[in-house]
**Student:** 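I'd like to ask you about the structure that follows.
In what follows, residues are counted from 1 in the order of the sequence shown. Keep in mind that the numbers below use all heavy atoms, side chains included, and drop hydrogens, waters and symmetry copies. Keep in mind the model is a prediction, meaning the values are calculated, not measured.
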Amino acid sequence: MITPAFELTQDPDFLTIVIKVPYARASEFDVYFEGEDFKFYAKPYFLRLTLPGRIVEDGREKASYNTDKGTFTIRLPKEIPGQYFEGLDMLTSLLAPKKSRSAKPLVEEIAASAELSEEEEEEFDWEIEQTPYKDSAESSLPLQYCYGFGNLRSGVFQRLQDELSDVIDIKDPDQTPVDERRRKRLAAEAAKFEPDHYLADFFEDEAVQHVLKYKPWWVDAHKKMTALKGKSHQDQDAHTVVVFSEEEREQLRKFTNKSYLLDKRSRHHVYLGLIDILLAYCYEIRVNEGDKNVESSWNVRKLSATLCWLESFTSIHDVLVSFGRRVLCYPLYRHFGLVTRAFNDTVMILQLGKAAILKCLLDVHKIFAENDPAYILNDLFIADYCIWIQKAKSKKLAALSESLQKTTLTKSHIGFELEELEAAAVLVQEEESMLKASGRVSRQQLPSSESETSVCEESSSSSSETEGSDSDEPESSTSEDGEINSVQDTLQGERTAPLIDCNGLRQGTNTSMFEVSDEKSKVSLQSTAPPGKLIEELEKQMHTAIRLSEQPEGSATPGCILQEQEENRVSEPDRLSEDTDGRGNYLEMSSKTNPLIFHCGTNEDED
């Protein structure tokens, strides 16, 4: 027989069941309902449901068939009008469990149900301190340690040695106790942590800030639920805001409805493992902005120690610390802000209730089913979680959400000295900024020194031009009218100009360069007040410059040869002493090395 696709809805007085039977005969079908039991048969389809509330046959029931869509719509009156039926979207839990021919599971089921009802009457302390269970080593047989959902499995990986390394990080889990798994996991995380990668994401966090702004579907659903929180049934509001797709409904129908015999310790591990899986899933959805890729399966199982190391946690804080450490060690984006955001997302999902949790688990199941080695984790954990969560009590999930919200996680809890790393990196960054600033100042000073060098080179060229003009100076002074220009201020400013000697070295001497143009005006000193002291001072400074620029024998430079030529030209006492007639004033300097000679012309022409 084929189990048809079905959907249940409700209003205050009626329960509506829509059944899709496209290939059935509308004239041949049977419907039976009484109390919590509902049966439908239309060859070749058969459906049996165990309803969360009681229905009654009182003449108001109605059934219709849509030939275009091939669906039966059956409206059944509630025994208690206004009663809310919880979990109508938990399709797997509505399917009646298969009967077993063995009497042993029936006895265990009754005992488990009795224990469950007693356990639900007391408040569970989520912060209770627990110690890992230690198996007795007195047995002569080799021990096999348990793992999987509720620690109900063992010996699985002995048959899957080839896929072991692609699915989990622990080697030989069947022979590794829980406390040793934890020690190895912490050691592997400490060895994997890379400070450079963490600091790079810490300072250059543009991509991280972008994914932090992404809003997954549960954000809007949580806002809608908060807006509807004033109504009588909060669970009804959550059912309204969380809707399953047809593909997800098909997944639910394929699961086999069964019960799980879990003691108090195992139930505690199951709830904490659920938080760990949801944290990893929230990280994956956020960093990929809701899209799936080839790394999605790796991200979820790598960030969850429950899946990757078969870890059994003892407190909510341990779950958060483990997730935070793994986020900073393994994925592409290793930022503490993603840890806190995944934490907040998980709180939202738990507050939305079973429907939101189941929707996330179905997505994880689909991700693992499409990955070749990861499908093993569906058999070990995810499929059982999808079935179990449909029967979990909403009060327990609300208490779990409240305890998770009260738990705090800081960088100091992670154990990688994150705050010290960040402080040291900030100091290094400040030092680099200071060095860059000083480097910019040095580069600004460098062009000024280059300009001084170019000025000196121009002065050297103008000096050679002046030498050429000095040779023709007597003729030009007699043929053209000279005009006396005042250059005392110019001489005072030039005293501070640097001097570049023949070796290109900067000297602390002063010099004065004059360029004689071909125009009528000639550069000359004032005839009214010859600056005698200034000339003597300039002569001394020129001698100093020449002494500083003396070269060894055989290494004379063009600059030094130029100085020797100037000495030869100025050693003509007959031409320089013609001042008897008063028509011109010539200053004859001593015949020392490289004297500085100034010529003052008059308005009278000179032969």
Side-chain angles (χ1 to χ4, degrees), residues 89-93 95 146-154 156-157 160 163-164 166-170 173 216 218 242 244-245 247-260 262 266-267 269-285 288 292-313 319 322-323 326 342 345-346 349-350 352-392 397 400:
D89 51 354
M90 306 293 139
L91 303 185
T92 307
S93 63
L95 295 172
C146 298
Y147 41 80
F149 176 84
N151 289 327
L152 298 178
R153 301 290 189 90
S154 63
V156 175
F157 289 101
L160 301 170
E163 294 86 355
L164 178 62
D166 295 332
V167 179
I168 60 176
D169 287 348
I170 184 174
W218 54 77
V242 179
F244 292 100
S245 65
E247 183 180 4
E248 291 168 342
R249 293 179 182 277
E250 181 65 24
Q251 284 181 275
L252 291 175
R253 288 191 291 267
K254 289 180 179 180
F255 290 131
T256 301
N257 190 6
K258 56 183 177 180
S259 300
Y260 299 92
L262 304 174
S266 298
R267 282 195 299 271
H269 291 329
V270 167
Y271 279 110
L272 296 180
L274 175 65
I275 295 176
D276 188 42
I277 296 172
L278 289 178
L279 286 169
Y281 173 74
C282 291
Y283 178 94
E284 155 62 21
I285 292 298
N288 290 322
K292 307 297 188 305
N293 55 37
V294 294
E295 297 295 331
S296 297
S297 172
W298 186 89
N299 279 338
V300 175
R301 71 173 185 261
K302 201 71 174 182
L303 298 181
S304 172
T306 300
L307 302 178
C308 194
W309 281 88
L310 309 179
E311 179 69 85
S312 295
F313 293 102
V319 177
S322 172
F323 173 71
R326 300 189 72 78
D345 290 340
T346 303
I349 293 173
L350 291 175
L352 284 170
K354 292 189 295 183
I357 299 172
L358 179 57
K359 191 176 182 69
C360 295
L361 291 173
L362 289 174
D363 200 10
V364 175
H365 187 276
K366 180 182 177 182
I367 292 173
F368 287 165
E370 295 173 352
N371 186 274
D372 189 16
Y375 72 91
I376 302 173
L377 297 176
N378 278 342
D379 297 336
L380 288 176
F381 292 96
I382 307 303
D384 292 324
Y385 266 110
C386 290
I387 299 171
W388 166 83
I389 194 64
Q390 299 182 57
K391 299 181 181 180
L397 296 175
L400 181 63

**Student:** How long is the gap from CG on Leu400 to CD1 on Ile275, to the nearest 0.5 Å?
**Tutor:**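 The CG atom of Leu400 sits 4.0 Å away from the CD1 atom of Ile275.
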
**Student:** Would you mind reporting whether Phe368 and Arg301 have side-chain heavy atoms less than 4.5 Å apart?
**Tutor:**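 Heavy-atom side-chain distance check passes, below 4.5 Å.
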
**Student:** I'd like to know if the side chain of Arg249 reaches the main chain of Leu91, judged simply by a donor and an acceptor atom lying under 3.5 Å from each other, with no hydrogens or angles considered.
**Tutor:** no

**Student:** So, do Tyr271 and Trp388 have ring centers that fall under 6.0 Å from each other?
**Tutor:**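 Ring centres of Trp388 and Tyr271 closer than 6.0 Å.
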
**Student:** So, Asn293 versus Ser296: side-chain donor-acceptor pair below 3.5 Å or not?
**Tutor:** yes

**Student:** Are more than 12 heavy atoms from other residues, nucleotides or ligands located less than 6.0 Å from atom NZ of Lys292?
**Tutor:**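 Correct, the count exceeds 12.
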
**Student:** Can you tell whether the side chains of Lys302 and Asp169 come within less than 4.0 Å, N to carboxylate O?
**Tutor:** yes

**Student:** Contact between Trp298 and Asn371 at the side-chain level, heavy atoms closer than 4.5 Å - yes or no?
**Tutor:** no

**Student:** Would you say the side-chain atoms of Tyr385 pair up with the backbone N or O of Val270, donor to acceptor, closer than 3.5 Å?
**Tutor:** yes

**Student:** How many angstroms lie between CZ in Arg153 and CG in Leu380, if you round to the nearest 0.5 Å?
**Tutor:**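 Reported to 0.5 Å precision, the distance equals 5.5 Å.
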
**Student:** From Leu152 CG over to Ser266 OG, what is the distance, rounded to the nearest 0.5 angstrom?
**Tutor:** 6.5 Å

**Student:** With rounding to the nearest 0.5 angstrom, report the CG to OG distance, Leu303 to Ser322.
**Tutor:** 9.5 Å

**Student:** For residues Lys258 and Asp384, determine if any side-chain heavy atom of one lies less than 4.5 Å from a side-chain heavy atom of the other.
**Tutor:** yes

**Student:** For a quick test of reading the model, state the closest non-hydrogen atom pair linking Glu295 to Glu284 and the distance between them.
**Tutor:** O-OE1, 4.5 Å

**Student:** Which heavy atom of Arg326 sits nearest to which heavy atom of Cys308, and what is that distance?
**Tutor:**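 Shortest heavy-atom contact: NH2-SG, 3.7 Å.
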
**Student:** Which pair of heavy atoms, one from Pro173 and one from Ile168, lies closest together, and at what distance?
**Tutor:**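 Nearest heavy atoms, Pro173 then Ile168: CG-CD1, 3.9 Å.
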
**Student:** Once you round to the nearest 0.5 Å, how far does CG of Asp363 lie from CD1 of Ile367?
**Tutor:** 4.5 Å

**Student:** Please round to the nearest 0.5 Å and tell me the distance separating atom OH of Tyr375 and atom NE2 of His365.
**Tutor:** 13.0 Å

**Student:** Is there a side-chain contact between Leu272 and Glu311, using heavy atoms and a 4.5 Å cut-off?
**Tutor:** no

**Student:** Does the side chain of Tyr260 come within less than 4.5 Å of Ile387's, by heavy atoms?
**Tutor:**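 Contact flag for Ile387/Tyr260 side chains = yes.
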
**Student:** Tell me the closest heavy-atom pair linking Leu307 and Leu310, and the distance in Å.
**Tutor:** O-CD2, 4.1 Å

**Student:** Between Asp89 and Leu358, does the side chain to side chain contact (heavy atoms under 4.5 Å, CB included) criterion hold? Intermediate values first, please.
**Tutor:** CA-CA 10 Å; Asp89 51 354; Leu358 179 57; over 6 Å; no

**Student:** Taking Asp276 for its side chain and Ala305 for its backbone only, find out whether a donor-acceptor pair lies under 3.5 Å.
**Tutor:** yes

**Student:** Could you tell me whether the side chain of Val364 reaches within less than 4.5 Å of the side chain of Leu377, counting heavy atoms only?
**Tutor:**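 Leu377 vs Val364: side chains apart.
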
**Student:** If you look at every heavy atom in Phe313 and His269, which pair is closest and at what distance?
**Tutor:** O-ND1, 2.9 Å

**Student:** Angle class for the Tyr281/Trp218 ring planes (parallel below 30°, perpendicular above 60°, tilted otherwise)?
**Tutor:** tilted

**Student:** Please name the pair of heavy atoms, one in Leu362 and one in Gln251, separated by the smallest distance, quoted to 0.1 Å.
**Tutor:**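 So the minimum-distance heavy-atom pair works out to O-NE2, 3.4 Å.
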
**Student:** Under the side chain to side chain contact (heavy atoms under 4.5 Å, CB included) criterion, do Asn288 and Asn299 qualify, and how do the steps go?
**Tutor:** CA-CA 10 Å; Asn288 290 322; Asn299 279 338; 4.2 Å; yes

**Student:** Heavy atoms, side chains only, cut-off 4.5 Å: are Ile285 and Asp345 in contact?
**Tutor:** no

**Student:** So, does Lys354 use its side chain to make a donor-acceptor pair with the main chain of Ala392 at under 3.5 Å?
**Tutor:**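 Side chain of Lys354 to backbone of Ala392: a pair is present.
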
**Student:** Which of these, Leu352, Ile389, Ile349, sits in a side-chain contact (heavy atoms from CB on, under 4.5 Å) with Leu397?
**Tutor:**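 Considering Leu352, Ile389, Ile349, a side-chain contact (heavy atoms from CB on, under 4.5 Å) with Leu397 is found only for Ile389.
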
**Student:** Just wondering, do Thr92 and Cys386 contact through their side chains at under 4.5 Å, heavy atoms?
**Tutor:**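 A side-chain contact is absent here, since even the closest heavy-atom pair is not under 4.5 Å.
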
